[in-house]
Amino acid sequence: MDSSLLLSAHVAPSPPVIRCRFDCCAKAQQIQEIRVCTNRTCRRQGSFQTLETLSGLAPPNVAVKSCGCLGRCGGGPNLVVLPDGLIVGHCGTAARAAEVMVTLFAGGYDPKSCLNALALRKRADIEFAKRNFTEAELLLSQAIDLKPFGGIHVTFKCRSFVRLELGNYSGALKDAEEALALAPGYYEAYICQGDAFLALNKFDLAEQSYLASLDVDPSIRHSKSFKARITRLQEKLAAANTP
């Protein structure tokens with residue numbers, strides 16, 4: 001990524017560098033993107049952890065991406081909030097990243113609770129990979145009960161997948177709908193919704209959900225997993241229509 005272009009296009013000359021506390025608060029409804037410098041100096045100072053944490057806690061309408069040098073190497077790791085161009089410095093720990101996210105978007109939330117919810121979701125991912133679905137569901141439910149700011153739509157989506165594996169199809173459908181209520185453009189939640197409808201033999205609704213996921217991200221049409229879902233839907237439809 002061309003960092004000079006980023007700076008000239010989005011960052012006003014000599015913007016404030018926010019250190020331990022914010023001198024001003026960006027208007028949350030205007031924030032579209034957060035870019036985290038992952039150039040050499042910031043990377044050594046922990047910017048990849050910052051990027052991961054912010055990605056996990058971001059609201060569904062805010063993109064978190066890496067970028068090149070922001071020109072503030074002595075105060076890194078640095079990130080820039082767009083479109084305002086607010087530069088935040090010294091953001092090299094998960095705790096600091098959570099503080100930044102909560103301050104930008106959700107005053108009154110406890111950053112530690114948000115981090116705990118994110119940690120529970122990561123543990124659930126590990127248990128899911130081990131096919132320990134009951135434990136994964138428990139961890140995700142604990143994360144949801146913490147009522148964190150940001151990322152909760154992902155947690156509902158993850159629990160929807162887990163509940164599908166456990167055969168709790170109505171619960172999976174409810175979680176997918178919760179995720180979509182929070183993030184209407186979340187294609188993975190539409191996939192979960194479609195899978196739940198398919199498991200409940202509601203074929204027309206399953207097709208609508210899969211089509212909605214394509215509307216959000218047409219590229220998934222070519223993925224093996226999406227093709228497999230469409231094949232299963234077609235097979236179930238054919239079986240249901242066989243005298």
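Throughout, numbering of the chain's residues begins at 1 and tracks the sequence. Heavy-atom basis, side chains included; hydrogens, waters and symmetry copies ignored.
- The 12-atom threshold is not exceeded at CZ of Arg221, counting heavy atoms of other residues, nucleotides or ligands nearer than 6.0 Å.
- At least one side-chain heavy atom of Phe226 sits under 4.5 Å from a side-chain heavy atom of Ile191.
- With sequence neighbours excluded, the residues satisfying ring pair (Phe, Tyr, Trp, His ring centres under 6.0 Å) with Phe133 are Phe128.
- Atom NZ of Lys236 has more than 12 neighbouring heavy atoms from other residues, nucleotides or ligands inside a 6.0 Å radius.
- Using a 4.5 Å cut-off on side-chain heavy atoms (C-beta onward), Asp110 and Phe149 make no contact.
- The closest side-chain heavy-atom distance from Leu211 to Gln208 is not below 4.5 Å.
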Full working for side-chain hydrogen bond (donor to acceptor under 3.5 Å, both in side chains) between Tyr187 and Asp215:
CA-CA 8 Å; Tyr187 84 86; Asp215 286 340; over 6 Å; no
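- Across every non-hydrogen atom of Cys91 and Val100, the tightest pair is SG-CG2, 4.0 Å.
- Taking 4.5 Å as the limit, every side-chain heavy atom of Leu115 sits out of range of all side-chain heavy atoms of Lys112.
- Between the Arg163 side chain and the Lys174 main chain, no donor and acceptor come within less than 3.5 Å of each other.
- The shortest distance between side-chain heavy atoms of Glu137 and Leu166 falls below 4.5 Å.
- Contact check on Glu99 versus Arg96 returns a salt bridge, with a Lys/Arg side-chain nitrogen under 4.0 Å from an Asp/Glu carboxylate oxygen.
- Arg123 has its side chain within reach of Leu120: a pair of non-hydrogen atoms, C-beta onward, lies under 4.5 Å apart.
- Remark: the backbone N or O of Cys42 is paired with a side-chain donor or acceptor of Ser47 at under 3.5 angstrom.
- For Tyr169, the ring pair (Phe, Tyr, Trp, His ring centres under 6.0 Å) criterion is met by no residue, not counting sequence neighbours.
- When side chains are defined from C-beta on, Gln32 does not count as touching Leu82, because their heavy atoms never get closer than 4.5 Å.
- Thr231 is listed as a side-chain neighbour of Glu235, based on a closest heavy-atom distance under 4.5 Å.
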